[in-house]
Structures are given as structure tokens and as C-alpha cells.
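Here's the structure we're looking at; comments come further down.
Nothing here was measured: the structure is a model prediction, and the numbers come from that model.
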Amino acid sequence: MNASGLSTARLGRLREVLAGHVARGEVPGLVALVARRGEAHVAAIGTTEAEGGGGPMRGDAIFRIASVSKPVTAAAAMILVEECRLRLDDPVDELLPELADREVLRRPDGPLDDTVPAHRPITLRDLLTFRMGIGAVLAPPGTYPIQRAMDEAGLTPGPEAVPVGPDEWLARLGDLPLVHQPGEKWMYHTGSDVLGVLTARATGRPLAEFLKERLFEPLGMADTGFHLPAGKLDRLPAAYRPDPGTGRLVRIDDPSRTRWARPPAFPSAGGGLVSTADDLLAFCAMLLNKGRYGGERILSRPSVEVMTTDQLTEEQKAENAVFFGGNSGWGFGVNVVTRRDELAAVPGRFGWNGGSGTSAYIDPAEGLIGILLTQRALTAPTPPALFRDFWTCAYQAIDD
């Protein structure tokens, strides 16, 4: 057993299980990290490309982390809450006038002009908890008029880059009715992107600058951002998605012509960051340590505690069982486990997965951090077998 309380032999089992997923062609490569009590165990397995090119996967590979960006965004917002530049229950209307005086659909599947006035304004709390009234609609694409309108406006949550800047994006969002009353229902994703615009306007600075100064530089996250300089592009693996019919991996982003080689028009706070296992470890360690990293305090303990407390009603969670599985809920930008029904389901454990094939969770009870970075896009909200096996193996390695 290591000083971390993790079994060396069982960590070897984790590597063997993950290597099996790579050998079967499910992913070209991956970086996995398990940390406990100040010790980090890292496995870089496979290659950076699926077609036989590229080279061995590197431990310092830079991945598109997709929705693992969401906890970072929430932490940035809580910095502003602590400084009283934002308040959880204040309307966002003053900084986001595009979202003032909302109209709300009478029913989610109704025509866009069949609306009623919103009962109240949207608040910062609504954005953090994804209860602002609009987001991913869980129905086949194009089923409802609001889905078609979001598609046409470029507002549908997904992996594609937003081609317009934050002001235009928010103006387009403001032209649409809400699907539900503010605070009423949980709808995935869009709240984080709005939160990024709000943070930039509250600080009077581009979101990337604020994140760099207040989070990335203090935490030593030198490889995290919304784009990569030319000198780091060789560390970005190719990205893939499985073909729906054959399961064969199809390349969707090539490092030689990746959009992450330049600053995006819209820095997506909900899914636009790239990062490494080491950088994410620093961020997760800060949250595990209740806001402190090294000698610096990034957030207060109460801020981390409210971020990582389930904020949803039982009805809101039941309506989104595909995300919460009956044993978890949502805090501020993070999934929070509420019931123990499997190895990794420890109450209080928090974090999130990214649709590009990434996962990062923190378990305060066990003092454990787990990070899994792959380049295969997810095809459903339910984690794939690779993710489930990673977390099973991380927890079975605990030996105290």
C-alpha cells in the first residue's frame, strides 16, 4: 500500500482494465489520474491517433475537456460573489438586459408565440443551477418549435463552435422565449454559457483574461484555456466520435487544422476549455482543500461547500433521471452524489463529465480525486463502460 492508502497492485489492475479498452479500439488513447493524500498516480495509455499515425499518448497531453469546463466557470462566478460584484439572488437584468422581461412558452412543445410573462427575473442562482428556463431539450432533434428555433440561431448545446461573439449570441438567446419559468425546471448546459457572458460583463474584461488571472495562474494551470499557442499544438491529440452504424471512430478534429489553434469568437464557458490532467488536478485539489491551494486561498470554505451541495428538488432530479441516475443532483456547476448505491457513489462526491470524453470528480470523504481524459466523444448522457470501469477501479484500489 502507498502512503496514499491506495494498493499498488490494485492500481495495476486499473491500468490493465483501461489498457484493455484501448486494445479493443474503443479509444485510441487516454490519460488517467488517481490522487489521494498528496500522491498522484498517472497512466498514459495508447496513442494520440486512431489510424496508426501520431505517437504514444503523453501524460502532459492537452485535451478538449468540454463540460468539465462547467465547474471552472462556477468557481469563477463564486469569486465574484465573494467580492460582492455578483449576488446569488439578484436579477441578472442589469448586466444582461437581453434577458430582461422574459416571455415563457405555455408548454414546451407549443408555438413560439404562445407565451406568458415570466413570473420573475432570471438570477445568478438560476444560471449556476441550470434553472434559468432554457437549455438542452431532451427530445429528438427538431421535435419542438423551440428546438428548431435554437438550431437556426446556433444556440443548441453541442460540440460545434459558436460562430458569433458573446453579445450577438446573447442577443439571439434573448430573442427566444424561455421553455420554463425561471427556477422551475433543470435544463442542461445553457446556464453555463450565459454565466460566462455575465462574468465577463461583471468584470469588464474578456472571460479568458479573468479566468487566467484569478484561477489558472494562481493554480499553475499553464496549459488551460480556450485555445492553444502554436508551440503546444503537438500535445493535442486528434478527436473522434464513433460512427452510429459501425462504431468505427471518425476523426472530428485534426490537430494540424484544429479550431483550438486560435481564440474562439465565443469562449464557451460551458464547454470550450482545453486542459491537462495535471492542470485539472490542481483545480480539483483546490476544491478538495475547501478553496485553498498551496499558500493561496482561491475561494472560501463556505463558497466551496455551497457549490458542492445539491440544490435541486426531488421533482427536478426525477425529471432528469438520465443525468442523475437516482443517486445524485446538481450544485453550482457540478454534479453532486446524494446516495450510495455503487463503489464510486459516495455521498458528497462531486464533479462532472465532458462530452468530448472526459471526467473529473472529487470525493471529500475519501480524499480522492479522479481524472480521466480521452479523445472519444460521448454519445449519450449515460457514461460509457470505459468511464464506469475507471471509477470502479479507482475505488477498488482504496486499501485502508
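- The shortest distance between side-chain heavy atoms of L178 and E103 does not fall below 4.5 Å.
- Checking S268 against D193 by side-chain atom types alone, a donor-acceptor pair falls below 3.5 Å.
- Listed by first and then second residue, the side chain to side chain donor-acceptor pair (under 3.5 Å) pairs involving residues 26-36 are H21-E26, R24-E26, R36-E366, R36-D400 (not counting sequence neighbours).
- Taking the six-membered ring for Trp, F130 and Y188 have ring centres closer than 6.0 Å.
- For the atom pair S300 OG and K290 NZ, the distance stands at 11.0 Å (nearest 0.5 Å).
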Quick one, R259 with D253, criterion salt bridge (charged side-chain N to carboxylate O under 4.0 Å, His left out). Give me CA distance, side-chain angles, the key distance, then yes/no.
CA-CA 8 Å; R259 73 177 198 245; D253 190 58; 5.8 Å; no

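- Under the 4.5 Å side-chain criterion, counting only non-hydrogen atoms from C-beta, V81 is not in contact with E83.
- Under the 6.0 Å distance and 45° angle rule, R349 counts as a cation-pi partner of W391.
- Put simply, the side chain of L372 does not reach to within 4.5 Å of the side chain of N353, judged on heavy atoms.
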Kindly list each side-chain donor-acceptor pair under 3.5 angstrom involving residues 379-387, sequence neighbours excluded, with atom names and distances?
none

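- Looking only at side-chain heavy atoms (C-beta outward), L124 and L80 stay at 4.5 Å or farther from each other.
- No donor-acceptor contact under 3.5 angstrom links the side chains of D278 and T276, judged on distance only.
- Side-chain N/O atoms of T73 and K70 include no donor and acceptor closer than 3.5 Å.
- Contact annotation: the side chain of Y240 never approaches that of V250 to less than 4.5 Å [non-hydrogen atoms, C-beta and beyond].
- Other residues, nucleotides and ligands contribute over 12 non-hydrogen atoms within 6.0 Å of the NZ atom of K232.
- The aromatic ring centres of F323 and W186 sit less than 6.0 Å apart.
- T308 places none of its side-chain heavy atoms less than 4.5 Å from the side chain of F332.
- Side chain to side chain, Y361 and N335 meet the donor-acceptor criterion of an N or O pair below 3.5 Å.
- Between the side chains of D389 and T392, not a single donor N or O lies within less than 3.5 Å of an accepting N or O.
- For Q311 and T129, the side-chain atoms include no donor-acceptor pair closer than 3.5 Å.
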Using the rule given for salt bridge (charged side-chain N to carboxylate O under 4.0 Å, His left out), can you reason through R10 versus D399, listing the C-alpha separation, both sets of side-chain angles and the distance that settles it, and then say yes or no?
CA-CA 9 Å; R10 286 171 173 262; D399 192 25; 5.8 Å; no

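- Judged purely by distance below 3.5 Å, without hydrogens or angles, the side chains of D310 and T338 never pair a donor atom with an acceptor atom.
- Classification of the W330-W352 ring pair by plane angle, with boundaries at 30° and 60°, yields perpendicular.
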